[in-house]
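Worksheet for the structure shown next.
In this text the structure is predicted, and so the values were computed from the model without any measurement.
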Amino acid sequence: MSRYTETELIALRDTAYVPTTFDFAAFAQQIQEQKELSEEQGRRGSHLGGSRPKFQKKPKQKHIPQADEDGWFTNTPVKKDLEEGEEGASTFATASAPKKVVPTYARPNNKNIGSSRPADPRDVSAAQPKTKFNAFSAFNDSEDEDEDEDDE
Amino acid sequence: MSEELNQATKDLTLEEQPQQPQQSAEQPLPEAELKHPLNSKWTLWYTKPSNGKEAWSDLLKPIISFSSVEEFWGIFNSVPAPSELPLKGDYHLFRDDIKPEWEDIRNSEGGRWSFEFKSKNNVDINELWLRGLMSVIGETIQDDEDEVNGIVLNNRKFAYRVSLWTKTTSKSKLTAIGERFKKVLKLTDDDSIEFYVHKGSDQRDAKPILMF
(Lines give C-alpha, C1' and ligand atoms only; values in the text may rest on other atoms or scores of the structure.)
Protein backbone atom coordinates (compact mmCIF):
# COMPACT_ATOMS: atom_id res chain seq x y z
CA MET A 1 0.00 0.00 0.00
CA SER A 2 1.47 3.35 -1.02
CA ARG A 3 1.21 5.89 1.76
CA TYR A 4 2.01 9.57 1.77
CA THR A 5 2.34 11.65 4.89
CA GLU A 6 1.06 15.20 4.97
CA THR A 7 4.62 16.53 4.69
CA GLU A 8 5.35 14.37 1.67
CA LEU A 9 2.19 15.45 -0.07
CA ILE A 10 2.81 19.14 0.58
CA ALA A 11 6.32 18.75 -0.80
CA LEU A 12 4.79 17.53 -4.06
CA ARG A 13 2.41 20.44 -4.40
CA ASP A 14 4.50 22.11 -7.09
CA THR A 15 4.17 19.07 -9.33
CA ALA A 16 0.44 19.73 -9.76
CA TYR A 17 -1.05 18.54 -13.00
CA VAL A 18 -4.45 19.92 -14.00
CA PRO A 19 -6.49 17.38 -15.97
CA THR A 20 -7.98 18.78 -19.13
CA THR A 21 -11.03 16.54 -19.11
CA PHE A 22 -13.04 18.84 -16.89
CA ASP A 23 -13.98 22.50 -17.28
CA PHE A 24 -12.94 23.88 -13.89
CA ALA A 25 -13.71 27.48 -14.86
CA ALA A 26 -17.33 26.64 -15.68
CA PHE A 27 -17.65 24.68 -12.43
CA ALA A 28 -16.29 27.59 -10.39
CA GLN A 29 -18.65 29.95 -12.20
CA GLN A 30 -21.59 27.65 -11.43
CA ILE A 31 -20.71 27.54 -7.73
CA GLN A 32 -20.32 31.31 -7.61
CA GLU A 33 -23.80 31.75 -9.06
CA GLN A 34 -25.27 29.25 -6.61
CA LYS A 35 -23.63 31.06 -3.72
CA GLU A 36 -24.98 34.43 -4.81
CA LEU A 37 -28.43 32.92 -5.16
CA SER A 38 -28.34 31.33 -1.71
CA GLU A 39 -27.14 34.58 -0.14
CA GLU A 40 -29.94 36.47 -1.84
CA GLN A 41 -32.48 33.98 -0.55
CA GLY A 42 -30.95 34.28 2.90
CA ARG A 43 -31.42 38.04 2.89
CA ARG A 44 -35.04 37.67 1.79
CA GLY A 45 -35.61 35.13 4.48
CA SER A 46 -34.39 37.46 7.19
CA HIS A 47 -36.55 40.26 5.83
CA LEU A 48 -39.60 38.05 6.04
CA GLY A 49 -39.04 37.45 9.70
CA GLY A 50 -36.33 34.83 9.82
CA SER A 51 -34.14 36.83 12.19
CA ARG A 52 -36.44 39.70 12.95
CA PRO A 53 -36.67 40.39 16.68
CA LYS A 54 -39.81 39.03 18.22
CA PHE A 55 -41.30 41.31 20.82
CA GLN A 56 -43.10 39.68 23.63
CA LYS A 57 -46.73 40.57 23.58
CA LYS A 58 -48.34 41.85 26.72
CA PRO A 59 -50.46 39.02 28.01
CA LYS A 60 -54.15 39.66 28.18
CA GLN A 61 -55.34 40.33 31.69
CA LYS A 62 -57.52 37.51 32.76
CA HIS A 63 -60.95 38.24 34.10
CA ILE A 64 -60.95 37.49 37.77
CA PRO A 65 -64.43 36.57 38.86
CA GLN A 66 -65.72 38.64 41.74
CA ALA A 67 -68.44 37.62 44.12
CA ASP A 68 -71.66 39.59 43.81
CA GLU A 69 -73.94 40.62 46.66
CA ASP A 70 -75.42 37.16 46.95
CA GLY A 71 -72.07 35.51 46.98
CA TRP A 72 -72.33 34.18 43.38
CA PHE A 73 -69.46 34.15 40.98
CA THR A 74 -69.77 34.59 37.25
CA ASN A 75 -67.27 34.17 34.45
CA THR A 76 -68.88 36.87 32.32
CA PRO A 77 -67.02 40.15 32.79
CA VAL A 78 -69.27 42.87 34.08
CA LYS A 79 -69.23 45.93 31.86
CA LYS A 80 -69.23 49.28 33.44
CA ASP A 81 -72.55 51.07 33.12
CA LEU A 82 -72.63 54.32 31.31
CA GLU A 83 -72.78 57.13 33.72
CA GLU A 84 -75.39 59.72 33.03
CA GLY A 85 -74.20 62.81 31.21
CA GLU A 86 -70.69 61.55 30.87
CA GLU A 87 -71.13 60.27 27.36
CA GLY A 88 -72.83 62.20 24.60
CA ALA A 89 -76.00 61.40 22.74
CA SER A 90 -74.04 59.71 20.04
CA THR A 91 -73.02 56.94 22.35
CA PHE A 92 -76.53 56.55 23.67
CA ALA A 93 -77.74 54.79 20.56
CA THR A 94 -74.99 52.26 20.68
CA ALA A 95 -75.30 51.87 24.40
CA SER A 96 -79.05 51.35 24.28
CA ALA A 97 -79.01 49.09 21.26
CA PRO A 98 -79.95 45.53 22.01
CA LYS A 99 -76.79 43.68 22.65
CA LYS A 100 -76.17 40.25 21.52
CA VAL A 101 -76.32 38.13 24.59
CA VAL A 102 -73.88 35.33 24.61
CA PRO A 103 -75.32 32.69 26.86
CA THR A 104 -73.01 31.34 29.42
CA TYR A 105 -73.71 27.96 30.78
CA ALA A 106 -72.87 27.16 34.31
CA ARG A 107 -71.60 23.73 34.81
CA PRO A 108 -74.16 21.83 36.89
CA ASN A 109 -72.95 20.17 39.99
CA ASN A 110 -73.86 16.62 39.27
CA LYS A 111 -71.32 15.06 41.54
CA ASN A 112 -73.76 14.58 44.38
CA ILE A 113 -76.78 13.99 42.25
CA GLY A 114 -77.76 10.86 44.16
CA SER A 115 -77.34 12.50 47.52
CA SER A 116 -80.11 14.10 49.53
CA ARG A 117 -77.68 16.63 50.89
CA PRO A 118 -78.21 20.04 49.27
CA ALA A 119 -75.35 21.38 47.21
CA ASP A 120 -75.84 24.90 48.44
CA PRO A 121 -76.28 25.46 52.18
CA ARG A 122 -78.84 28.17 51.45
CA ASP A 123 -81.09 25.54 49.97
CA VAL A 124 -81.46 24.04 53.41
CA SER A 125 -83.50 26.95 54.64
CA ALA A 126 -85.39 27.19 51.34
CA ALA A 127 -86.41 23.56 51.48
CA GLN A 128 -87.60 23.71 55.04
CA PRO A 129 -91.34 24.50 55.59
CA LYS A 130 -91.71 27.94 56.99
CA THR A 131 -94.41 26.92 59.45
CA LYS A 132 -94.18 23.71 61.29
CA PHE A 133 -97.18 21.45 61.43
CA ASN A 134 -98.58 21.04 64.89
CA ALA A 135 -100.99 18.16 65.22
CA PHE A 136 -102.58 19.39 68.41
CA SER A 137 -103.32 22.81 67.09
CA ALA A 138 -104.72 21.28 63.94
CA PHE A 139 -106.96 19.11 66.02
CA ASN A 140 -108.23 22.09 67.96
CA ASP A 141 -108.88 23.97 64.78
CA SER A 142 -111.17 21.22 63.49
CA GLU A 143 -113.11 21.20 66.73
CA ASP A 144 -113.69 24.90 66.50
CA GLU A 145 -114.91 24.55 63.03
CA ASP A 146 -117.37 21.89 64.10
CA GLU A 147 -118.62 24.04 66.88
CA ASP A 148 -119.10 26.88 64.52
CA GLU A 149 -121.01 24.66 62.20
CA ASP A 150 -123.20 23.52 65.06
CA ASP A 151 -123.83 27.03 66.07
CA GLU A 152 -125.00 27.81 62.70
CA MET B 1 -9.55 0.80 -66.13
CA SER B 2 -7.52 -1.64 -64.05
CA GLU B 3 -4.99 1.06 -63.26
CA GLU B 4 -7.79 3.33 -62.03
CA LEU B 5 -9.19 0.52 -59.86
CA ASN B 6 -5.79 -0.23 -58.41
CA GLN B 7 -5.34 3.43 -57.61
CA ALA B 8 -8.77 3.62 -55.88
CA THR B 9 -8.18 0.49 -53.78
CA LYS B 10 -4.63 1.34 -52.93
CA ASP B 11 -5.43 2.38 -49.39
CA LEU B 12 -7.95 -0.40 -48.69
CA THR B 13 -6.25 -3.27 -46.90
CA LEU B 14 -7.53 -6.00 -44.58
CA GLU B 15 -4.93 -5.06 -42.02
CA GLU B 16 -6.11 -2.80 -39.19
CA GLN B 17 -5.08 0.76 -39.57
CA PRO B 18 -3.58 2.35 -36.48
CA GLN B 19 -6.46 4.25 -34.82
CA GLN B 20 -6.22 7.82 -33.69
CA PRO B 21 -6.36 8.11 -29.88
CA GLN B 22 -9.88 9.02 -28.77
CA GLN B 23 -10.55 11.88 -26.41
CA SER B 24 -12.43 10.39 -23.44
CA ALA B 25 -13.42 11.71 -20.07
CA GLU B 26 -11.19 9.17 -18.36
CA GLN B 27 -8.17 9.84 -20.51
CA PRO B 28 -5.14 8.62 -18.54
CA LEU B 29 -2.24 10.80 -17.76
CA PRO B 30 1.04 10.32 -19.59
CA GLU B 31 3.28 7.98 -17.62
CA ALA B 32 5.79 10.72 -17.09
CA GLU B 33 3.21 12.59 -15.02
CA LEU B 34 2.30 9.57 -12.86
CA LYS B 35 5.37 9.62 -10.71
CA HIS B 36 3.42 9.37 -7.48
CA PRO B 37 0.47 7.01 -7.87
CA LEU B 38 -2.07 6.79 -5.06
CA ASN B 39 -3.20 3.56 -3.46
CA SER B 40 -6.69 3.96 -4.93
CA LYS B 41 -8.52 5.96 -7.52
CA TRP B 42 -10.51 8.76 -5.88
CA THR B 43 -13.55 10.65 -7.16
CA LEU B 44 -14.56 14.15 -6.13
CA TRP B 45 -18.34 14.66 -5.97
CA TYR B 46 -20.37 17.82 -5.49
CA THR B 47 -23.89 18.28 -4.18
CA LYS B 48 -25.48 21.50 -5.27
CA PRO B 49 -28.11 23.18 -3.08
CA SER B 50 -31.63 22.00 -3.64
CA ASN B 51 -34.17 24.36 -5.14
CA GLY B 52 -36.99 22.15 -3.91
CA LYS B 53 -37.80 20.71 -7.32
CA GLU B 54 -34.87 18.42 -8.06
CA ALA B 55 -34.38 14.92 -6.68
CA TRP B 56 -31.33 14.07 -4.57
CA SER B 57 -29.84 12.02 -7.38
CA ASP B 58 -29.95 15.07 -9.65
CA LEU B 59 -28.13 17.23 -7.10
CA LEU B 60 -25.21 14.86 -6.54
CA LYS B 61 -22.72 14.69 -9.41
CA PRO B 62 -19.19 13.34 -9.81
CA ILE B 63 -16.75 16.04 -10.82
CA ILE B 64 -13.55 14.23 -11.64
CA SER B 65 -11.49 11.17 -10.72
CA PHE B 66 -7.76 11.00 -10.07
CA SER B 67 -5.17 8.44 -9.03
CA SER B 68 -1.94 10.35 -8.54
CA VAL B 69 -0.59 13.01 -6.21
CA GLU B 70 0.05 15.33 -9.14
CA GLU B 71 -3.56 15.15 -10.30
CA PHE B 72 -4.77 15.66 -6.75
CA TRP B 73 -2.92 18.95 -6.45
CA GLY B 74 -4.03 20.08 -9.89
CA ILE B 75 -7.67 19.43 -9.03
CA PHE B 76 -7.44 20.86 -5.53
CA ASN B 77 -5.93 24.10 -6.85
CA SER B 78 -8.65 24.41 -9.52
CA VAL B 79 -11.91 23.77 -7.65
CA PRO B 80 -13.46 26.39 -5.35
CA ALA B 81 -12.42 26.21 -1.71
CA PRO B 82 -14.95 24.98 0.89
CA SER B 83 -15.49 28.52 2.16
CA GLU B 84 -16.68 29.48 -1.33
CA LEU B 85 -19.37 26.83 -1.44
CA PRO B 86 -23.00 27.95 -1.28
CA LEU B 87 -25.11 27.00 1.71
CA LYS B 88 -26.27 23.37 1.49
CA GLY B 89 -23.44 22.67 -0.93
CA ASP B 90 -21.31 19.59 -0.20
CA TYR B 91 -18.02 18.12 -1.33
CA HIS B 92 -17.46 14.36 -1.20
CA LEU B 93 -14.23 12.51 -1.92
CA PHE B 94 -14.76 8.75 -2.26
CA ARG B 95 -12.59 5.81 -3.07
CA ASP B 96 -12.91 4.00 -6.40
CA ASP B 97 -16.47 4.10 -7.64
CA ILE B 98 -18.19 4.20 -4.24
CA LYS B 99 -21.14 6.56 -4.33
CA PRO B 100 -21.41 8.95 -1.39
CA GLU B 101 -24.74 7.45 -0.39
CA TRP B 102 -25.83 5.17 2.45
CA GLU B 103 -27.44 2.89 -0.13
CA ASP B 104 -24.14 1.99 -1.79
CA ILE B 105 -23.37 -1.58 -0.81
CA ARG B 106 -19.85 -0.62 0.31
CA ASN B 107 -21.27 2.02 2.65
CA SER B 108 -24.39 0.27 3.88
CA GLU B 109 -22.64 -1.76 6.61
CA GLY B 110 -20.57 1.17 7.81
CA GLY B 111 -21.01 4.56 9.38
CA ARG B 112 -19.38 7.94 9.80
CA TRP B 113 -17.29 9.86 12.27
CA SER B 114 -18.63 13.40 12.30
CA PHE B 115 -17.80 16.78 13.76
CA GLU B 116 -19.52 20.15 13.39
CA PHE B 117 -17.61 23.44 13.50
CA LYS B 118 -20.39 25.63 14.80
CA SER B 119 -18.53 28.92 14.87
CA LYS B 120 -17.97 29.18 11.13
CA ASN B 121 -16.12 32.48 11.30
CA ASN B 122 -13.53 31.19 13.75
CA VAL B 123 -12.40 28.13 11.82
CA ASP B 124 -10.11 27.81 8.81
CA ILE B 125 -12.22 25.24 7.06
CA ASN B 126 -10.12 25.35 3.89
CA GLU B 127 -7.03 24.22 5.76
CA LEU B 128 -8.90 21.55 7.74
CA TRP B 129 -10.55 20.19 4.60
CA LEU B 130 -7.15 19.95 2.90
CA ARG B 131 -5.74 18.12 5.92
CA GLY B 132 -8.68 15.73 5.78
CA LEU B 133 -8.17 15.08 2.07
CA MET B 134 -4.47 14.45 2.50
CA SER B 135 -5.03 12.01 5.37
CA VAL B 136 -7.49 10.07 3.22
CA ILE B 137 -5.66 9.90 -0.09
CA GLY B 138 -2.32 9.41 1.66
CA GLU B 139 -3.92 6.51 3.63
CA THR B 140 -2.47 7.77 6.91
CA ILE B 141 -5.89 7.97 8.59
CA GLN B 142 -6.16 4.18 8.79
CA ASP B 143 -4.07 1.12 9.46
CA ASP B 144 -6.12 -1.31 7.43
CA GLU B 145 -6.45 -0.96 3.74
CA ASP B 146 -9.75 0.41 2.44
CA GLU B 147 -11.41 0.81 5.85
CA VAL B 148 -12.12 4.47 5.10
CA ASN B 149 -14.43 4.92 2.13
CA GLY B 150 -14.44 8.68 1.89
CA ILE B 151 -14.69 12.11 3.45
CA VAL B 152 -17.54 14.63 3.24
CA LEU B 153 -17.84 18.35 3.85
CA ASN B 154 -21.26 19.92 4.40
CA ASN B 155 -21.68 23.68 4.38
CA ARG B 156 -24.72 24.53 6.46
CA LYS B 157 -26.14 27.76 7.81
CA PHE B 158 -24.85 27.37 11.34
CA ALA B 159 -21.95 24.97 10.87
CA TYR B 160 -19.40 23.24 8.69
CA ARG B 161 -19.65 19.49 9.15
CA VAL B 162 -16.79 17.16 8.26
CA SER B 163 -17.50 13.42 8.19
CA LEU B 164 -15.31 10.42 7.62
CA TRP B 165 -17.18 7.46 6.13
CA THR B 166 -16.06 3.97 7.09
CA LYS B 167 -16.75 0.59 5.56
CA THR B 168 -17.56 -1.20 8.82
CA THR B 169 -18.59 -0.42 12.38
CA SER B 170 -15.85 -2.44 14.04
CA LYS B 171 -15.13 -0.67 17.33
CA SER B 172 -11.45 -1.58 17.45
CA LYS B 173 -10.83 -0.05 14.03
CA LEU B 174 -13.10 2.93 14.62
CA THR B 175 -11.33 4.03 17.78
CA ALA B 176 -7.96 4.28 16.06
CA ILE B 177 -9.46 6.07 13.07
CA GLY B 178 -11.43 8.46 15.29
CA GLU B 179 -8.32 9.33 17.25
CA ARG B 180 -6.46 10.27 14.07
CA PHE B 181 -9.47 12.11 12.68
CA LYS B 182 -9.48 14.38 15.73
CA LYS B 183 -5.82 15.21 15.18
CA VAL B 184 -6.40 15.91 11.50
CA LEU B 185 -9.19 18.34 12.38
CA LYS B 186 -7.02 19.91 15.10
CA LEU B 187 -9.61 19.23 17.78
CA THR B 188 -8.90 19.50 21.48
CA ASP B 189 -9.76 17.02 24.21
CA ASP B 190 -12.86 19.06 24.99
CA ASP B 191 -14.20 18.51 21.48
CA SER B 192 -15.88 15.20 20.83
CA ILE B 193 -16.54 13.52 17.52
CA GLU B 194 -19.54 11.25 17.10
CA PHE B 195 -19.97 8.04 15.18
CA TYR B 196 -23.30 7.33 13.49
CA VAL B 197 -24.26 4.05 11.88
CA HIS B 198 -25.65 4.49 8.37
CA LYS B 199 -28.49 2.07 9.00
CA GLY B 200 -30.00 4.36 11.61
CA SER B 201 -29.14 7.64 9.95
CA ASP B 202 -32.40 7.85 8.04
CA GLN B 203 -34.24 8.28 11.34
CA ARG B 204 -34.75 11.83 12.42
CA ASP B 205 -33.42 11.44 15.95
CA ALA B 206 -30.52 9.16 15.11
CA LYS B 207 -28.07 9.01 17.99
CA PRO B 208 -24.36 8.28 17.83
CA ILE B 209 -23.18 4.86 18.93
CA LEU B 210 -19.72 6.14 19.80
CA MET B 211 -18.25 9.40 21.03
CA PHE B 212 -14.58 10.16 21.24
- Item | Distance, nearest 0.5 Å, that separates CZ of B:Phe181 from CZ of B:Phe115 | 9.5 Å
- Note on the structure: Comparing B:Leu130, B:Leu38, B:Asn155, B:Val184 against chain A, the one with the most heavy-atom pairs below 4.5 Å turns out to be B:Leu38
- Message: Please identify, among B:Val69, B:Thr140, B:Val79, the residue contributing the most non-hydrogen atom pairs under 4.5 Å to chain A.
- Response: B:Val69
Salt-bridge contact [X]-[Y] (side-chain N to carboxylate O under 4.0 Å):
X        : Y        : value
B:Glu127 : B:Lys186 : yes
B:Lys41  : B:Asp97  : yes
B:Arg131 : A:Glu6   : yes
B:Arg95  : B:Glu139 : yes

Side chain, backbone, both or neither: which part of [X] has an atom under 4.5 Å from a heavy atom of chain A?
X       : answer
B:Phe72 : neither
B:Ile64 : side chain
B:Phe66 : neither

